[in-house]
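Report on one structure; see the data block that follows.
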Amino acid sequence: MEHQQLFNSLNMDPDPRIITSSPDGPDGEILKCNLTDHSFQIAGHQWFKGHKIVHEDKDGSHITTYNITEVNVESSGQYTCKFLTVPDLIGVINVTVPPSVLAYKKTEHGNEGDTGVMTCKSNSYPFVEQWMWYRSSEDGSIQPLVNGTDERYYIKSTGNKTELRIHQLDIEKDQGEYICNGSNVLGTTGATVALRVRSRLAALWPFLGIVAEVIILVTIIFIYEKRRKPDEAPEDEDGGSAPLKSNAAANHETVRQRNSS
């Protein structure tokens, strides 16, 4: 319920009796709201960035300020100053910068025949109003891409994010550099994504390598076991050389008998 009340209060229209100044003005990086009607009793102030409270106090002044250290992508956004009166009164200040376009990955990889996906985003305010994708050719020329180009290129853009999908990747046609551009009222910036397409056979090489290693290992073990066994004559089950000892004893007895005679 408290969150819903906060959301509703920030959806109020800015009060014309509150004069605001943004970093574009003489106050530099300080945001300021001035409630010109001094008949209101003020219990304090709150500052929001979006729907998140970034500052609050219990000061009864008709002027409230908030310092944003620097105007950049991180600090850009919509700020709201709220005077805690009856009823609450708000003022709105927009801190704006050109788009700051970044690629999710500077290099994307895909297998031939699969779908390649490249994504760009911008976290700046105001949001990107228009996204454009381009293909950079080897001769330096730039080819714009739209939905349905070659019946394989499809673009989906929502707010501060855009995505380019290429169906049925072709290692000869699609490998290269792609550019995503984002534009708002303050300008246009872009980022480059390198697409690398692998042959379908490339995905099999790790598996084939493992199979080859297993085969080599089994062969080595087999050869080692074969050579480790000595070339021995098989022994008899009844005692092997025992009969040889019996014959030798019989011969020795015969010699003794001859000597005694």
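Contact annotation: the side chain of Asp59 never approaches that of Thr64 to less than 4.5 Å [non-hydrogen atoms, C-beta and beyond]. The closest side-chain heavy-atom distance from Ile90 to Lys82 is below 4.5 Å. Counting heavy atoms from C-beta on, the side chains of Glu108 and Tyr178 never come closer than 4.5 Å. At least one side-chain heavy atom of Leu35 sits under 4.5 Å from a side-chain heavy atom of Arg17. Using a 4.5 Å heavy-atom cutoff, the side chains of Val146 and Thr149 are in contact. Between Ile93 and Tyr66 the shortest side-chain heavy-atom distance does not fall below 4.5 Å.
Although no hydrogens or angles enter the test, the distance criterion places a donor-acceptor pair under 3.5 Å between the side chain of Asn147 and the main chain of Ile155. With hydrogens and angles disregarded, no donor-acceptor distance shorter than 3.5 Å links the side chain of Arg198 to the backbone of His109. A donor-acceptor distance shorter than 3.5 angstrom exists from the side chain of Ser76 to the backbone of Tyr125, with no hydrogens or angles considered. Distance alone, capped at 3.5 Å, places no donor-acceptor pair between the Thr96 side chain and the Pro126 backbone. Judged by distance alone, the side chain of Trp131 and the main-chain N or O of Gly159 form a donor-acceptor pair under 3.5 Å. The closest donor-acceptor contact from the side chain of His167 to the backbone of Tyr154 lies at 3.5 Å or more, if one exists at all. Side chain of Thr20 to main chain of Cys33: no donor-acceptor pair is present (N/O by atom type, distance under 3.5 Å, no hydrogens or angles). Between the side chain of Ser100 and the main chain of Ser124, no donor-acceptor pair closer than 3.5 Å is present. The main-chain N or O of Gln130 is never found under 3.5 Å from a side-chain atom of Asn181 such that the two would form a donor-acceptor pair. Judged by distance alone, with hydrogens and angles left aside, the side-chain atoms of Gln175 form a donor-acceptor pair with the main-chain N or O of Val197 at under 3.5 Å.
A pairwise comparison of heavy atoms in Ser75 and Glu70 identifies OG-O, 2.6 Å as the closest pair. Contact between Glu129 and Val185 at its shortest, heavy atoms only, is OE2-CG1, 3.3 Å. When all heavy atoms are compared, the tightest approach of Val101 to Gly182 is CG2-N, 3.8 Å.
Just one of Leu195, Thr115, Asn111 meets the side-chain contact (heavy atoms from CB on, under 4.5 Å) condition when paired with Leu169; it is Leu195. Between Phe83 and the choices Asp15, Asp37, Asp88, Ile18, the side-chain contact (heavy atoms from CB on, under 4.5 Å) rule is met once, by Ile18.
Taking CD from Gln46 and NZ from Lys58, the interatomic distance works out to 11.0 Å, rounded to the nearest 0.5 Å. Atom NZ in Lys156 sits 8.0 Å away from atom NZ in Lys161 (nearest 0.5 Å). If you take OG1 on Thr80 and CZ on Phe48, they are separated by 7.5 Å, rounding to the nearest 0.5 Å. Note that the CD atom of Glu29 and the CD1 atom of Ile68 stand 6.5 Å from one another [nearest 0.5 Å]. Taking CD1 of Ile142 as the start and CE of Met132 as the end, the distance is 11.5 Å to the nearest 0.5 Å. The line from CG of Leu102 to OG1 of Thr119 is 12.5 Å long, rounded to the nearest 0.5 Å.
Sorted by first and then second residue, the pairs that involve residues 85-193 and meet disulfide bond (SG atoms under 2.5 Å apart), not counting sequence neighbours, are Cys120-Cys180.
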- Message: For Arg152 and Asp174: C-alpha separation, side-chain torsions, deciding distance, then whether salt bridge (Lys or Arg N to Asp or Glu O under 4.0 Å) applies.
- Response: CA-CA 10 Å; Arg152 295 188 304 116; Asp174 299 323; 2.8 Å; yes
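A side-chain donor-acceptor contact under 3.5 Å links Ser141 and Asp139.
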